[in-house]
Amino acid sequence: MSSSNFPTSPASPEVVIIGAGLSGLACALELINHGVSVQILEKDDAPGGRVRTDSIDGFLLDRGFQVYLDAYPSAGQLLDVEALDLRKFEPGAIIFEKGERHRLMDVFRRPTSIISSAFSPIGNILDKALVAKLRFSLQFSSLEKIQQREDLTTETYLRKFGFSDDMIDRFFRSFYGGIFLENQLQTSSRMFEFTFKMFTAGSATLPARGMEEIPRQLAAQLPDHVLHCDTPVSKIEGKEVITESGEKLTPDYLVLAVPSDAAQKMLPSLNLPELKWRSVTNCYFAAANSPLNEAIIALSGSPGSLINNVSVPSDLSPEYAPEGQALISVSILGIHDEPDFLTNVLSELRSWFGEDVTTWRHLRTDRIERALPEQTPSSKRPVCDLAGIYLCGDQQTTTSIEGAIISGQDTAKQILKLR
Ligand SMILES: Cc1cc2nc3c(=O)[nH]c(=O)nc-3n(C[C@H](O)[C@H](O)[C@H](O)COP(=O)(O)OP(=O)(O)OC[C@H]3O[C@@H](n4cnc5c(N)ncnc54)[C@H](O)[C@@H]3O)c2cc1C
């Protein structure tokens, strides 16, 4: 990766990709594998976009809690999954509610949990049978078929499916709230079906050395002098790309592998619909001991609570924390910067884990305003009708690692068809 040698040979490559998130990287690899000359211009100091990890005082801090689902088909084919050394979360969750913890497991993969899950007070027996029904019905639906289904809000979909208010409020709002980054469950039912299918077909995982290993691995496959970091693009005129420092490139094809609001800023004639974002605040703490002691996601079952989920990445991979310490990740939906925010988070954590919490050390709080593009049934997919210019990124498919990779590969295929 370089910025010093810009522009490189050929000075104006066939394709310029703006953005080295997962979609831009996947697009570049597909094109390069077909012999196309490509340059990627990235504004940040490293590739990865929304999938980055900081190494601080021996802790690996992912920028926001996220997981790689090992059933993702396209990502699984593109990545060297073995080399990522994926560490799996248990299939299920612990739900904290009014000082008690309840275990709700995927009984198909953890048959021994059938008793505790069946008798957990979250949802009734019918709800548990409906989870099995949903699991089987989605097992036989392809991802393409899911994208063609009637598009409802997830809440309407779950009610239509027959789930009780109790199951929706105490489980789905919190589990899918953490995935959609909103707990009103207004996200598209297609997105719900996609993630439900992926969660039941495989495991939620973390790469042993942090989430950024995913883009790092893709970027490592690029030939030298293709990726230019610290190179923000300020505008596009026709097909001429102008960087903030005034360099110019005029490729045959231009891929905007950036969120559509960033694309609109560079090229105002695009006239794209406004992009709305889901946001999240993530707090990291260090502790002498893990409060969970297992690779599982903990959720709040109380609708009014501040915290959405807690996990301990160092329970999955010791590389997330220095020896003898645990790294605790706490996610809160939305952006929080109120003065008593941290005090309130800690007080809620004390009601989950007891007085041990008073010994935890706050490491960092990340406020991620632009985490996921909103994907409701009424969200409009951005379309570019300018010849030779392509929009690419998770907002084109599903707001996920898999969606970003699919979008990158699809864009490359469209270009390959034309040349
Ligand atoms: C907190 C959080 C939790 C998530 N949880 C999950 C999860 O559990 N599972 C899952 O599958 N997905 C999850 N996601 C979603 C997933 O990370 C994204 O869908 C995916 O990374 C998007 O990739 P992208 O390439 O489409 O966009 P981005 O990653 O946004 O890439 C766009 C790139 O363009 C660059 N760029 C922007 N403007 C310019 C410019 N002017 N010039 C040059 N470069 C520019 C940016 O710096 C960036 O690198 C989560 C995301 C977040 C933030």
Side-chain angles (χ1 to χ4, degrees), residues 3 16-28 39-53 62-72 74-75 89 175-176 178-181 191 194-195 198-199 202 204-206 211-212 214-215 218-219 227-236 241-245 247 255-267 275 277-282 297 308-309 311 329 331-335 366-373 375 382 391-409 411:
S3 53
V16 164
I17 299 174
I18 304 174
L22 294 174
S23 64
L25 293 170
C27 181
Q39 302 271 299
I40 312 177
L41 311 181
E42 166 56 51
K43 76 172 165 60
D44 286 348
D45 60 350
R50 277 171 271 156
V51 187
R52 298 286 304 274
T53 304
D62 292 331
R63 293 188 191 167
F65 174 63
Q66 56 181 308
V67 293
Y68 175 79
L69 303 183
D70 65 1
Y72 284 156
S74 300
F89 279 99
F175 193 78
Y176 280 89
I179 296 166
F180 300 155
L181 304 183
M191 185 68 189
F194 162 70
T195 43
M198 294 295 103
F199 267 104
T205 72
L206 293 176
M211 287 298 290
E212 194 176 327
I214 296 172
L218 297 182
L227 175 58
H228 304 277
C229 291
D230 293 316
T231 308
V233 170
S234 56
K235 60 179 169 182
I236 297 161
V241 178
I242 306 165
T243 69
E244 226 169 74
S245 49
E247 291 124 333
V255 177
L256 309 182
V258 298
S260 61
D261 49 2
Q264 176 70 38
K265 219 165 148 192
M266 285 182 252
L267 185 53
L275 183 64
W277 288 91
R278 304 292 188 199
S279 312
V280 67
T281 302
N282 194 257
I297 295 174
N308 178 270
N309 64 67
S311 68
S329 159
S331 296
I332 301 99
L333 304 183
I335 295 296
D366 289 325
R367 295 175 175 86
I368 306 169
E369 211 138 342
R370 300 165 90 245
L372 294 179
Q375 219 164 35
L391 291 178
C392 167
D394 63 347
Q395 76 269 14
Q396 304 294 330
T397 49
T398 57
T399 53
S400 65
I401 291 168
E402 172 75 359
I405 286 175
I406 289 180
S407 174
Q409 293 178 328
T411 307

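These values consider heavy atoms only, across backbone and side chains, with no hydrogens, waters or symmetry-generated copies. Computed from a predicted model, the values in this text were never measured in an experiment. Every number for a ligand or one of its atoms is a count from 1 in the order of the listing.
In this structure, the side chains of Phe180 and Thr399 stay at 4.5 Å or more apart for every pair of heavy atoms. Residues Val258 and Lys43 fail the side-chain proximity criterion, which asks for heavy atoms closer than 4.5 Å. When side chains are defined from C-beta on, Glu244 counts as touching Pro232, because their heavy atoms get closer than 4.5 Å. When side chains are defined from C-beta on, Pro47 counts as touching Leu227, because their heavy atoms get closer than 4.5 Å.
In terms of protein heavy-atom proximity, atom 23 (O) of ligand 1 is nearest to Ala404 CB, 3.5 Å. Closest to atom 24 (P) of ligand 1 among all protein heavy atoms lies Ser23 OG, 3.6 Å. Nearest to atom 8 (O) of ligand 1 among the protein's heavy atoms is Val67 N, 2.9 Å. Of the protein's heavy atoms, Asp394 N, 2.9 Å lies nearest to atom 26 (O) of ligand 1. Atom 15 (C) of ligand 1 has its closest protein heavy atom at Leu372 CD2, 3.5 Å. In terms of protein heavy-atom proximity, atom 42 (N) of ligand 1 is closest to Val233 N, 3.0 Å. Val258 CG1, 3.5 Å is the protein heavy atom nearest to atom 36 (N) of ligand 1.
With Arg50, Glu42, Gln396 as candidates, the residue nearest to atom 30 (O) of ligand 1 on a non-hydrogen basis is Arg50. Residue Gln66 holds the heavy atom nearest to atom 2 (C) of ligand 1 of all those in Gln66, Arg370, Lys43.
Going from atom CG of Asn308 over to atom CD1 of Ile297 covers 10.0 Å, rounded to the nearest 0.5 Å. Taken from CD1 in Ile18 to CE in Met266, the straight-line distance is 4.5 Å, to the nearest 0.5 Å. Between the CG atom of Leu256 and the SG atom of Cys27 there is a distance of 10.5 Å, given to the nearest 0.5 Å. Taking CD of Glu402 as the start and OH of Tyr68 as the end, the distance is 7.0 Å to the nearest 0.5 Å. Considering OG1 of Thr243 and NE2 of His228, their distance stands at 10.5 Å, rounded to 0.5 Å.
Taking the six-membered ring for Trp and thresholds of 30 and 60 degrees, Phe89 and Phe65 have ring planes more than 60 degrees apart, a perpendicular arrangement.
For a threshold of 3.5 Å applied to N or O pairs, the pair formed by Thr231 and ligand 1 contains no separation below that value. Considering backbone and side-chain atoms alike, Ala262 places every N or O at 3.5 Å or more from each N or O of ligand 1.
In the vicinity of Met266, heavy-atom distances shorter than 4.0 Å reach the ligand 1 atoms 41 (N). For ligand 1, the atoms closer than 4.0 angstrom to any heavy atom of Val51 are 17 (O), 21 (O). The ligand atoms of ligand 1 that sit less than 4.0 angstrom from a heavy atom of Gly393 are 26 (O). If you number the atoms of ligand 1 from 1 as listed, the ones under 4.0 Å from a heavy atom of Ala257 come out as 32 (C), 33 (C), 34 (O). Within the listing of ligand 1, atoms 3 (C) sit less than 4.0 angstrom from a heavy atom of Phe65. Atoms of ligand 1 lying under 4.0 Å from any heavy atom of Val280, numbered from 1 in the order shown and given with element: 1 (C). Set against the non-hydrogen atoms of Gly21, the atoms of ligand 1 under 4.0 Å away are 25 (O), 29 (O), 31 (O), 33 (C), 49 (O). Interface atoms of ligand 1 facing Tyr72, defined by a heavy-atom separation under 4.0 Å, are 9 (N), 10 (C), 11 (O).
Side chain of Ser23 to main chain of Ala404: no donor-acceptor pair is present (N/O by atom type, distance under 3.5 Å, no hydrogens or angles).
In this view, Asp62 satisfies the salt bridge (charged side-chain N to carboxylate O under 4.0 Å, His left out) rule with no residue, not counting sequence neighbours. When the salt bridge (charged side-chain N to carboxylate O under 4.0 Å, His left out) test is applied to Arg52, the partners found at least two apart in sequence or on another chain are Asp45, Glu212.
Of the heavy atoms in Ile401, both backbone and side-chain atoms come closer than 4.0 Å to ligand 1. Contacts of Leu41 with ligand 1, taken as heavy-atom pairs under 4.0 Å, involve the backbone alone.
By the 4.0 Å heavy-atom criterion, Gly403 is excluded from the residues contacting ligand 1.
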